[in-house]
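Some notes on the structure that comes next.
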Amino acid sequence: KTKGLAVRLTDSIRIDDGDLSVDITGEGLVASGDSRVNDVPMKLTWSENFNPQGRPSTTIESESVLDDGMRKKLGLDFQPYVEGPVKVSAGFSGSGANLDMATIMLNFDRARISAPELNWASGPGNKVIATAKLSLKTKGVIIMNDLRAVGGDVYAAGRVIIGGGAIREAAFESVRLGPLNDFAVVAKTPEIGEQLYVVTGRALDASELIANMDSGKDIPPRDRIKRPYNISATVQQVTLRGDALLQNVIFRNQTDGIRMRSLDVAASYPGGGTLRADLVPLPDGQRRLRVSSTDAGKLIRALTGFRSVLGGAITLHADLPRMPRPGDLSELAVDPPARYQGVVKVENFKVINQPFLARLFAAGSFGGLGDLLSGEGIGFTKLDGTFTGLGDVVRVADGRASGTSVGVTFQGKFDRITTDVDFDGTLVPLYGLNSLFEDIPLVGDILTSRKGEGIIGFTYEVAGQTDNLDIMVNPLSALTPGIF
């Protein structure tokens, strides 16, 4: 029997405090009992074959239940993807201290497992078991072959290469997580150079990816600089925010780590309609983002979760700064605030059940409009405006939306991070009748302060955060609103 046995298995794994019973024969040695691996309690069985005849002479089998803290000590910190106790069974084989092969089985049934980026999670009782064969023959590199995870609504099969403490390559011929994720993926993330991701399959839930696009808002600029990447996806169905769906999605995107180099998106909506987006170079070196959708309501819902817009056709153009010149490392390393300017146009859409507009109509004593909004909705024939962005602040100018029931002008700014809003404009009831004088020379200039405001209307101001807006309406502006 041994006490206090200490053995270094690899550069990062060490056995200490081994309290083992040892059985030695002419053919070999078997030692079993309790020990600590990287200060984590673990049961071990250590076997030495004195006459291996081409087979591994050394095998070590271990069993343990690892909580979050224990996994950290072993360099297996999988949070937030795995939280809670995981039963681990592992077997290592090789020659002496040179253990170059391993098998591992992980039982996640008592843990919470999740893929936040794919909007999927499963709590204790998930019945998921993962197995893999490991190759440890190259120093500092772990190759996980025949990786399988099965149980509940989970199935994954593939291969992973880990080097330098990070995943360098992954190829999964199948990943199924719940009903909304069913795809294959190939990823290459070398220590230096461009990262490559290729996704193909039946379904992908990208709702959380869209919702968390601003999750890096508190990261210092130098840490926001990311590696160049190239993403290619061809998926039959993609779920976005507000449970919106896109079908037959083709997505291509490439960046230099900070700036978008290329973009090409094509998709359709269930029931009809299309979405197109691309990034094209301009003669002056700037880049123009072009977005068009035959259903504005579905696009807005997919990107923001906002459900109050129905139908309509939308076009958007945004001009982005030019790319750095090739080889200009000083410009490539700079992470400037996002800067862009553009125009947006929407035609023939409806707005329904919109709390902000309901409050605005109530403040202006337009009860009939409020009733219409909560019923069949208010129709608009057009909306247009210009916008500029610098960093996280978007400014809108010359915004106008009009229909037969109401017209609205708007201008102001919105902070995407703090959600602070500061807008003002004019609300014009019965816009179709109210704006008749707008296009009459001289008369329109005298009776209307600016295009889209009509003769009778109320000026308004909106300020605060999106979930706590203050709305102010000027009752003295009911006649010729531009005067007050």
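Nothing fancy with the numbering, it's 1 onward along the sequence.
Pro116 meets the side-chain contact (heavy atoms from CB on, under 4.5 Å) test with Pro80, Tyr81, Ser114; sequence neighbours excluded. Under the side-chain contact (heavy atoms from CB on, under 4.5 Å) criterion, Arg202 pairs with Asp182, Gln236, not counting sequence neighbours. In terms of the salt bridge (charged side-chain N to carboxylate O under 4.0 Å, His left out) criterion, Arg252 has no residue partners (sequence neighbours excluded). Remark: Pro41 pairs with Arg36, Met70 by the side-chain contact (heavy atoms from CB on, under 4.5 Å) rule, at least two apart or across chains. Not counting sequence neighbours, the partners of Arg290 by the salt bridge (charged side-chain N to carboxylate O under 4.0 Å, His left out) test are Asp278. Qualifying side-chain contact (heavy atoms from CB on, under 4.5 Å) partners for Glu347, counting only residues two or more places apart in sequence or in other chains: none. For the side chain to side chain donor-acceptor pair (under 3.5 Å) test, residues two or more places apart in sequence or in another chain that qualify with Asp264 are Arg276. By the side chain to side chain donor-acceptor pair (under 3.5 Å) test, Asn145 pairs with Arg159, sequence neighbours left out. Every residue two or more places apart in sequence or in another chain was checked for a side chain to side chain donor-acceptor pair (under 3.5 Å) with Arg148, and none qualifies. Evaluation of the side chain to side chain donor-acceptor pair (under 3.5 Å) rule for Arg71 yields Asp68 as partners, not counting sequence neighbours.
Contact of the Arg55 side chain with the Asn49 side chain is registered, since non-hydrogen atoms from C-beta on lie closer than 4.5 Å. With contacts defined as side-chain heavy-atom distances shorter than 4.5 Å, the pair Ile104/Leu134 qualifies. Using a 4.5 Å heavy-atom threshold, the side chains of Gln411 and Val396 count as separate. Under the 4.5 Å side-chain criterion, counting only non-hydrogen atoms from C-beta, Leu383 is in contact with Phe349. You'll find the side chain of Ile161 reaches within 4.5 Å of the side chain of Val141, heavy atoms only.
Using a distance-only test at 3.5 Å, with no hydrogens or angles considered, no donor-acceptor pair links the side chain of Ser174 to the main chain of Ala156. Remark: the backbone N or O of Lys43 is not paired with any side-chain donor or acceptor of Ser62 at under 3.5 angstrom. A side-chain donor-acceptor contact under 3.5 Å links Asn107 to the backbone of Asp109. A donor-acceptor pair is defined here as one N or O able to donate and one able to accept, closer than 3.5 Å; such a pair exists between the side chain of Asn126 and the backbone of Gly123. Remark: side-chain polar atoms of Ser122 are not paired, donor with acceptor, to backbone N or O of Ile113 under 3.5 angstrom.
There is no side-chain donor-acceptor pair under 3.5 Å between Tyr229 and Thr189. The closest side-chain donor-acceptor pair between Glu48 and Thr58 falls under 3.5 angstrom.
For the atom pair CD of Glu169 and CD1 of Ile143, the computed distance is 9.0 Å after rounding to the nearest 0.5 Å. Taking CD1 from Ile231 and OG1 from Thr255, the interatomic distance works out to 8.0 Å, rounded to the nearest 0.5 Å. Between Leu44 atom CG and Asp19 atom CG the span is 11.5 Å, to the nearest 0.5 Å. If you take OG on Ser32 and CG on Leu20, they are separated by 7.0 Å, rounding to the nearest 0.5 Å. The structure places CG of Leu299 at 12.5 Å from CZ of Arg301, a figure rounded to the nearest 0.5 Å. The OG atom of Ser268 lies 9.5 Å from the NZ atom of Lys298; values are rounded to the nearest 0.5 Å.
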* Check against side-chain contact (heavy atoms from CB on, under 4.5 Å), Val65 and Val86 -> CA-CA 5 Å; Val65 176; Val86 177; over 6 Å; no
* Going through the checks in order, is the side-chain contact (heavy atoms from CB on, under 4.5 Å) test met by Phe172 and Phe183? -> CA-CA 9 Å; Phe172 283 85; Phe183 57 88; over 6 Å; no
* Hey, mind stepping through Leu180 and Asn119 against side-chain contact (heavy atoms from CB on, under 4.5 Å) and telling me if it holds? -> CA-CA 9 Å; Leu180 300 181; Asn119 193 31; 5.6 Å; no
* Could you give me the CA-CA distance, side-chain angles and deciding distance for Leu263 and Phe251, then say whether side-chain contact (heavy atoms from CB on, under 4.5 Å) is met? => CA-CA 8 Å; Leu263 176 70; Phe251 178 90; 4.0 Å; yes
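With a 6.0 Å radius and a threshold of 12 heavy atoms from other residues, nucleotides or ligands, Arg395 has its CZ atom at or below the threshold. More than 12 heavy atoms of other residues, nucleotides or ligands lie within 6.0 Å of CD in Gln79, so this atom counts as buried by the packing criterion.
The two residues Asp295 and Tyr269 make their nearest non-hydrogen contact at O-OH, 3.8 Å. The two atoms that bring Ser95 and Ser57 nearest to each other are CA-OG, 3.3 Å, heavy atoms only. Here the closest heavy-atom approach between residue Ala102 and residue Phe92 is recorded as CB-CD2, 3.7 Å. Of all heavy-atom pairs spanning Tyr155 and Val150, the tightest one is CD1-CG2, 3.7 Å. Residue Phe108 comes nearest to Ala130 through the heavy atom pair CE1-CB, 3.7 Å, listed as atom of the first residue, atom of the second, then distance.
Every pair tested for side chain to side chain donor-acceptor pair (under 3.5 Å) that includes a residue from residues 128-137 fails, sequence neighbours excluded, so the list is empty.
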Please tabulate, one pair per line, all N/O donor-acceptor pairs under 3.5 Å involving side-chain atoms of residues 237-249, not counting sequence neighbours.
none

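Salt bridge annotation for Arg112-Glu83: present, with a cationic side-chain nitrogen under 4.0 angstrom from a carboxylate oxygen. Checked for salt-bridge contact, Asp319 and Arg287 miss the test: no charged N lies under 4.0 Å from a carboxylate O.
Tested against Trp120, the residues Asp205, Asn181, Asp153 include a single side chain to side chain donor-acceptor pair (under 3.5 Å) partner, Asp153. Checked against Asp415 for a side-chain contact (heavy atoms from CB on, under 4.5 Å), the options Val394, Asp422, Val421, Asp392 give a single hit: Asp392.
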